[in-house]
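Reading through the structure tokens given below for one structure.
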Amino acid sequence: CVRVAREDGIAAALALGVSRASLHRWRIARAAGGLDALVARPRGPVPGRLPAWVEEAAIVVRLLTYWNSKRLAAEFTRREIYPLDHHAVDGLLAGLGTARPSTRRERGPAYERGRPNELWHIDIKGPFFLRRRRSEYEKVWIVGLVDDHSRFLIGLRVLPQPRAIPILAWLDDCLELCGTPLELMSDNGTPFVTWMPGVLTLFGKTLEELRIRHVRTQVNSPWTNGKIERFWGILQSELLDREIFRTLDAAADGLTRFATYYNYDRLHGELDWHTPAERFDGTPFTARGFERVPSLYHLQGWLDELMSA
């Protein structure tokens with residue numbers, strides 16, 4: 001474009017589709033530094049070389065968790081392993097050929113309530129399968145409850161059947177532990193809603209008695225309940241795809257362990273790398289190193305040796 005502008009005029013260069021501002025910037029760069037000045041260079045701060053032990057730890061964590069550069073930087077910094085900048089992690093991964101290219105996904109409409117307990121999201125997922133023996137499986141369902149403002153996991157329960165009575169008994173326990181929300185959002189499936197207009201299910205009647213407004217999602221719009229839908233994806237990739245449960249009790253124990261980690265020790269990108277508990281009730285984040293990270297805690301001794309070497 002710069003050559004065309006010089007030989008055929010600015011109008012000819014603009015006809016190639018370049019903006020006037022870009023053409024002006026390129027002409028100045030060409031005049032000041034020659035052709036080398038027109039070579040595209042990465043934007044942002046230039047990452048410096050990380051200590052060898054930090055690079056080793058970052059690559060190991062990347063291989064075991066597949067965290068992106070921003071998550072790696074946040075985890076290393078907040079866990080007081082090493083103060084990392086995500087640009088430095090990007091440079092490390094690109095240099096080793098392990099960068100993960102991605103395309104920006106178009107996000108649906110977003111909303112967030114202003115404080116905890118204004119709105120909770122409830123959903124049932126399943127069936128999942130308990131592997132009792134090599135060829136014997138048992139169907140189970142999981143019901144979850146997430147606070148809209150903080151993403152705090154209010155409750156998580158595995159059930160042999162997704163019926164209203166055990167869900168309401170579990171909901172009563174959640175209300176006792178975490179307070180009463182102003183509103184509770186569900187989809188339009190059973191046992192939350194019936195197909196008959198104006199007729200309340202047992203679930204709906206109970207919410208009415210508790211003076212909790214029942215908000216139903218739009219039909220065929222799962223993003224409306226997106227915060228708990230996102231949680232199901234996290235649960236699947238970080239627990240259900242990694243462990244095999246053979247009994248209902250084992251599954252319940254596994255869900256309890258994961259709920260504790262999710263609320264108090266798992267940093268959340270949508271919360272500016274804070275935990276849900278920090279936003280829900282101010283519980284401080286105290287984890288250091290790899291402690292209390294299910295996929296990494298077995299490497300804590302190795303990390304201590306790296307940091308002290």
Side-chain angles (χ1 to χ4, degrees), residues 47 50-105 125 128 142 144 146 150-153 156 226-245 251 253-279 285-309:
L50 297 171
W53 72 268
V54 177
E55 292 188 352
E56 183 179 351
I59 291 299
V60 168
V61 172
R62 165 74 166 194
L63 292 172
L64 291 176
T65 64
Y66 216 50
W67 290 344
N68 63 26
S69 60
K70 292 183 179 180
R71 175 92 185 266
L72 280 167
E75 294 280 357
F76 272 56
T77 300
R78 293 215 64 199
R79 292 177 175 275
E80 298 185 0
I81 298 172
Y82 187 86
L84 267 184
D85 177 82
H86 75 88
H87 294 292
V89 181
D90 281 331
L92 171 64
L93 300 179
L96 295 174
T98 60
R100 179 179 60 181
S102 60
T103 56
R104 184 177 295 275
R105 292 182 299 175
K125 208 70 173 175
F128 299 98
I142 301 176
V146 171
S150 64
R151 279 70 163 182
F152 189 84
L153 184 61
L156 196 61
K227 293 181 178 68
I228 195 164
E229 293 291 348
R230 172 60 181 145
F231 170 76
W232 292 134
I234 293 171
L235 181 71
Q236 184 72 53
S237 63
E238 298 188 18
L239 178 69
L240 301 180
D241 287 346
R242 292 174 177 263
E243 296 190 32
I244 295 175
F245 300 109
D253 289 343
L255 292 178
T256 299
R257 281 187 282 106
F258 184 80
T260 301
Y261 162 66
Y262 177 86
N263 281 335
Y264 298 98
D265 299 304
R266 186 186 185 279
L267 304 182
H268 201 299
E270 293 294 329
L271 304 179
D272 195 23
W273 303 113
H274 289 79
T275 64
E278 287 180 286
R279 210 177 198 199
F285 177 73
T286 60
R288 297 296 177 261
F290 293 155
E291 64 183 18
R292 303 202 291 272
V293 181
S295 58
L296 298 175
Y297 72 91
H298 62 288
L299 296 177
Q300 183 62 47
W302 171 77
L303 178 64
D304 290 340
E305 292 178 3
L306 280 183
M307 295 177 68
S308 61

For the residue pair Arg62 and Tyr66, would you count it as a cation-pi contact if the rule is NZ or CZ under 6.0 angstrom from the ring centre and within 45 degrees of the ring axis? yes

Would you say Arg78 has more than 12 foreign heavy atoms packed within less than 6.0 Å of its CZ? yes

Main chain of Leu240, side chain of Glu243: is a donor-acceptor contact present, judged purely on distance under 3.5 Å? no

Are the side chain of His87 and the backbone of Asp85 linked by a donor-acceptor contact shorter than 3.5 Å? no

side-chain contact (heavy atoms from CB on, under 4.5 Å) between Glu56 and Trp302, intermediate numbers included: CA-CA 11 Å; Glu56 183 179 351; Trp302 171 77; 3.6 Å; yes

Exercise: identify the closest heavy-atom pair between [X] and [Y]:
X	Y	result
Asp241	Ser237	OD2-CA, 3.8 Å
Leu84	Thr77	N-OG1, 3.0 Å
Leu50	Ala88	CD2-CB, 4.0 Å
Pro276	Arg266	CD-O, 3.7 Å
Ser69	Asp90	OG-OD1, 2.8 Å
Thr65	Ser295	CG2-OG, 3.5 Å

Tell me, do Leu64 and Leu299 make a side-chain contact under 4.5 Å, heavy atoms counted? yes

Heavy-atom distance under 4.5 Å between the side chains of Leu235 and Ile142, does that happen here? yes

Report the distance from atom [atom1] of [X] to atom [atom2] of [Y], rounding to the nearest 0.5 Å.
X	Y	atom1	atom2	result
Lys227	Ser150	NZ	OG	10.5 Å
Asp265	Thr260	CG	OG1	8.5 Å
His268	Glu278	NE2	CD	12.5 Å

Could you check Phe258 against Glu238 for side-chain contact (heavy atoms from CB on, under 4.5 Å), going step by step and ending with a plain yes or no? CA-CA 9 Å; Phe258 184 80; Glu238 298 188 18; 3.8 Å; yes

Stepwise, does the side-chain contact (heavy atoms from CB on, under 4.5 Å) test hold for Trp273 with Glu75? CA-CA 8 Å; Trp273 303 113; Glu75 294 280 357; 5.8 Å; no

Tyr262-Phe231 aromatic ring centre distance below 6.0 Å: yes

N-O pairing of Lys125 and Glu229 below 4.0 Å: yes

Using 30° and 60° as the class boundaries, would you call the ring planes of Phe76 and Phe290 parallel, tilted or perpendicular? perpendicular

CA sep, side-chain torsions, deciding dist, call: Arg292, Tyr264, side-chain contact (heavy atoms from CB on, under 4.5 Å): CA-CA 9 Å; Arg292 303 202 291 272; Tyr264 298 98; over 6 Å; no

Ile81, Val61, Val60 screened by side-chain contact (heavy atoms from CB on, under 4.5 Å) with Leu303, the one that passes: Ile81

Would you please test Glu270 and Arg279 for salt bridge (Lys or Arg N to Asp or Glu O under 4.0 Å) and show each step? CA-CA 11 Å; Glu270 293 294 329; Arg279 210 177 198 199; over 6 Å; no

Can you confirm whether the side chains of Thr275 and Arg151 place a donor and an acceptor under 3.5 Å from each other? no

